[in-house]
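I have placed the structure first, in the form of structure tokens, so that the comments after it can refer back to it.
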2 protein chains.
Amino acid sequence: MKKIKTETSEQSEVVELLAEKPTRTLGRKRDHTRDAKILEAAIDILADAGFDGMTMDMVAAKAKAGKATVYRRWSSKAELVQEALTWMNRSHLEMEHLPDTGTLRDDLLALLKPQSIEEGEKKLRVIMGLGSFLQQVELSEEGGIGIFDSWDTLNRELINRSVGRGDFPAHADVDLACQVIVSMAAFRGLVLHKAFDRHFYATLIDGILLPALKNPQIASNNKD
Amino acid sequence: MKKIKTETSEQSEVVELLAEKPTRTLGRKRDHTRDAKILEAAIDILADAGFDGMTMDMVAAKAKAGKATVYRRWSSKAELVQEALTWMNRSHLEMEHLPDTGTLRDDLLALLKPQSIEEGEKKLRVIMGLGSFLQQVELSEEGGIGIFDSWDTLNRELINRSVGRGDFPAHADVDLACQVIVSMAAFRGLVLHKAFDRHFYATLIDGILLPALKNPQIASNNKD
DNA sequence: TAAATACGGAACTGTAAAGTTCCGAAACTA
DNA sequence: TAGTTTCGGAACTTTACAGTTCCGTATTTA
């Protein structure tokens, strides 16, 4: 950025002004394993300090990097956060070994591994702390979800499979059901500060999700 | 905050240290109509700039007050915001004239007045922008925010009345149903950045709430 | 082996905003 | 009417942090 450099010491370069030869093959190579360390540090700090509570010094320190190293990769805090969020949402979807217990209820519960709960709560804290950042920078496309896509996709897959088996009417509103799961998890974590644990999830499934999916009425189309 | 003040200029006061006589009857009286103006200004700015985007100068300017006037009432930005949030949630619960259309569906929808939608969205934007503030200061008691209490109470009233009429089984999980409403509204506003409008609410009621309440099964106890 | 670029670390600059203090004017009380 | 507290407004101080620059060292290519 802004590499105009009005130096007068080297006049010999004037001739090459229009050459535009970056000649990138020189010097020490950039260590791209540092990228992940820095992004990870950024996510950690975002999770428990929020966007405005996070300083570039914190990130650099946590990643054991110099600030110059950070700014060599991302030209601003906003850019770093933007990419950190993308990195956080890189999904390791393992569609191959989906749970298959025979009932939707147990499939959904099987997806709730302790590790995924912990990770999900961390993501929630990150989003929660984004606050004013979201008002400055329009977060990626689609209004900024993407963060729940991974879980949401798996849930949708399980429910669709169950509907396909004939467990529920074909007109069941799968989208809305998926929204309920994610919304309840988020609200419970962010606002109520309670864990989205197995017991609560079972109550939600039995008391809300399954009855809603079983509903013989055709609910109006919801698509947002 | 940090009002220790180790001044040495006035030794005469030392004698009265334990007197504690504010003698408040002197001088111009504080104009308490300014309080509301300032709190309202704070809420407005919180709504479209967030906690960290809001400056005390903005608040003072918007309320046409001096900063000294603000700090005479609240000793810090955090304190001001704290009270502004409380003030925002002062509920004008009009339990007397609850809607009574005869069906729960229409009662719930009737509660969603255009004015309350607009107000609700403003509140959501405020919460959205709270971001890091929530991580610093544990907001109000009970872990929750209380911002949804007003609406939640009315919803619970309507649903209970409907259950009392015999529209739904007596074992219907009213608490959980209320949680669904509030959670979906919050998530939709905070994360999806979409309006919680009449159409979506109708879809939610028809597709989720009513089927869940109608559920003949006894769901496990959920009480948190 | 020399030039170029990377690294972690630290010092530095510039700016924005929290919080304080002072001003002249207004309002209240003894 | 004199002393006290309020008001809006503005100037001021202090602090924190984004972003830049420089250092000594390590790594890579020509």
Side-chain angles (χ1 to χ4, degrees), chain A residues 1-5 7 9-10 12-13 16 21-38 41-42 45-46 49-82 132-133 136-137, chain B residues 1-7 9 13 21-38 41-42 45-46 49-82 132-133 136-137:
Chain A
M1 309 292 178
K2 64 184 78 166
K3 274 286 169 63
I4 312 299
K5 281 198 173 190
E7 292 173 0
S9 54
E10 304 178 58
S12 59
E13 305 299 331
E16 309 180 29
K21 286 277 180 186
T23 317
R24 280 254 164 260
T25 65
L26 221 53
R28 178 173 172 174
K29 292 217 168 78
R30 197 170 284 186
D31 178 4
H32 283 284
T33 66
R34 311 304 296 128
D35 299 9
K37 294 286 282 188
I38 294 168
I45 294 170
L46 279 176
F51 177 79
D52 307 273
M54 160 184 144
T55 72
M56 297 300 266
D57 290 271
M58 285 179 183
V59 175
K62 180 145 201 166
K64 287 189 191 307
K67 269 206 292 181
T69 302
V70 176
Y71 277 100
R72 201 173 290 118
R73 290 160 165 76
W74 301 279
S75 68
S76 70
K77 180 178 175 181
E79 234 174 75
L80 168 62
V81 171
Q82 196 97 279
S132 57
F133 177 66
Q136 302 163 9
V137 184
Chain B
M1 312 291 180
K2 59 184 79 164
K3 273 287 170 63
I4 312 302
K5 281 199 174 189
T6 40
E7 292 175 359
S9 53
E13 306 299 330
K21 286 276 179 187
T23 316
R24 280 253 162 264
T25 66
L26 224 51
R28 178 173 173 172
K29 292 215 169 80
R30 195 171 286 186
D31 178 3
H32 283 283
T33 66
R34 312 303 299 127
D35 298 9
K37 294 286 282 187
I38 294 168
I45 293 171
L46 279 176
F51 177 78
D52 307 274
M54 160 184 143
T55 72
M56 298 300 265
D57 290 272
M58 284 180 184
V59 175
K62 181 144 200 165
K64 288 192 191 305
K67 266 206 293 182
T69 303
V70 176
Y71 276 101
R72 201 173 291 120
R73 289 161 166 76
W74 301 279
S75 67
S76 70
K77 179 179 175 180
E79 235 175 73
L80 168 62
V81 170
Q82 195 97 281
S132 55
F133 177 66
Q136 302 165 9
V137 184

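Here is how names work: the chains are called A, B, and so on, in the same order as the sequence lines, proteins then strands, and each is numbered from 1. Basis for what follows: all heavy atoms, side chains included, without hydrogens, waters or symmetry-related copies.
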- Note on the structure: What one should report as the nearest heavy-atom pair of B:Trp74 and B:Glu79 is CA-OE1, 4.0 Å
- Query: Does any donor-acceptor pair link the side chain of A:Lys67 with the base of C:dG9 at a separation under 3.5 Å?
  - Reply: no
- Whole-Å distance between D:dG19 P and A:Leu80 CG? 10 Å
- Message: Using modelled atom types and a 3.5 Å cut-off, is there a donor and acceptor pairing between side-chain atoms of A:Lys77 and backbone atoms of A:Met54?
- Response: yes
- Item | d(OH, B:Tyr71; P, D:dT5) in whole Å | 22 Å
- Does any N or O in the side chain of B:Arg34 come within less than 3.5 Å of the main-chain N or O of B:Ala63, such that one atom is a donor and the other an acceptor? yes
- Does the side chain of A:Arg34 get closer than 4.0 angstrom to OP1 or OP2 of C:dG8 through an N or O atom? yes
- All heavy atoms of A:Val70 vs all of A:Ala60, minimum pair found to be CG2-CB, 4.2 Å
- Query: When all nucleic acid strands are considered with a 4.0 Å heavy-atom cut-off, which category describes A:Ala68: base, sugar-phosphate, or nothing?
  - Reply: base
- Take atom CZ of B:Arg30 and atom C1' of D:dT4, then tell me their distance rounded to the nearest Å. 14 Å
- What integer distance in Å separates B:Lys62:NZ from D:dG9:P? 15 Å
What are the atom names and distances for every N/O pair under 3.5 Å that joins the protein to nucleotides 15-17 of chain D?
none

- Task: Grab the CD1-C1' distance between A:Ile38 and C:dA6 for me, whole Å please.
- Result: 12 Å
- Note on the structure: Correct closest heavy-atom pair for A:Ile38 and A:Leu80 would be CG2-CD1, 4.2 Å
- Query: What residues form a side-chain contact (heavy atoms from CB on, under 4.5 Å) with A:Lys29, not counting sequence neighbours?
  - Reply: none
Could you run down the sub-3.5 Å N/O contacts of the protein with nucleotides 27-30 of chain C?
residue, atom, partner, partner atom, Å
C:dC28, O3', B:Lys29, NZ, 3.1
C:dT29, OP1, B:Lys29, NZ, 2.8

- Note on the structure: Sorted by chain and residue number, the salt bridge (Lys or Arg N to Asp or Glu O under 4.0 Å) partners of A:Asp57 (sequence neighbours excluded) come out as A:Lys67
- Item | Gap between atoms CZ and C1', on A:Arg72 and D:dA18 respectively (whole Å) | 17 Å
- Item | B:Arg73: salt bridge (Lys or Arg N to Asp or Glu O under 4.0 Å) partners, not counting sequence neighbours | B:Asp35
- Looking at side-chain heavy atoms only, is the closest gap between A:Arg30 and A:Arg72 below 4.5 Å? yes
- Message: Does a side-chain N or O of B:Arg73 approach OP1 or OP2 of D:dC7 to a distance below 4.0 Å, or not?
- Response: yes
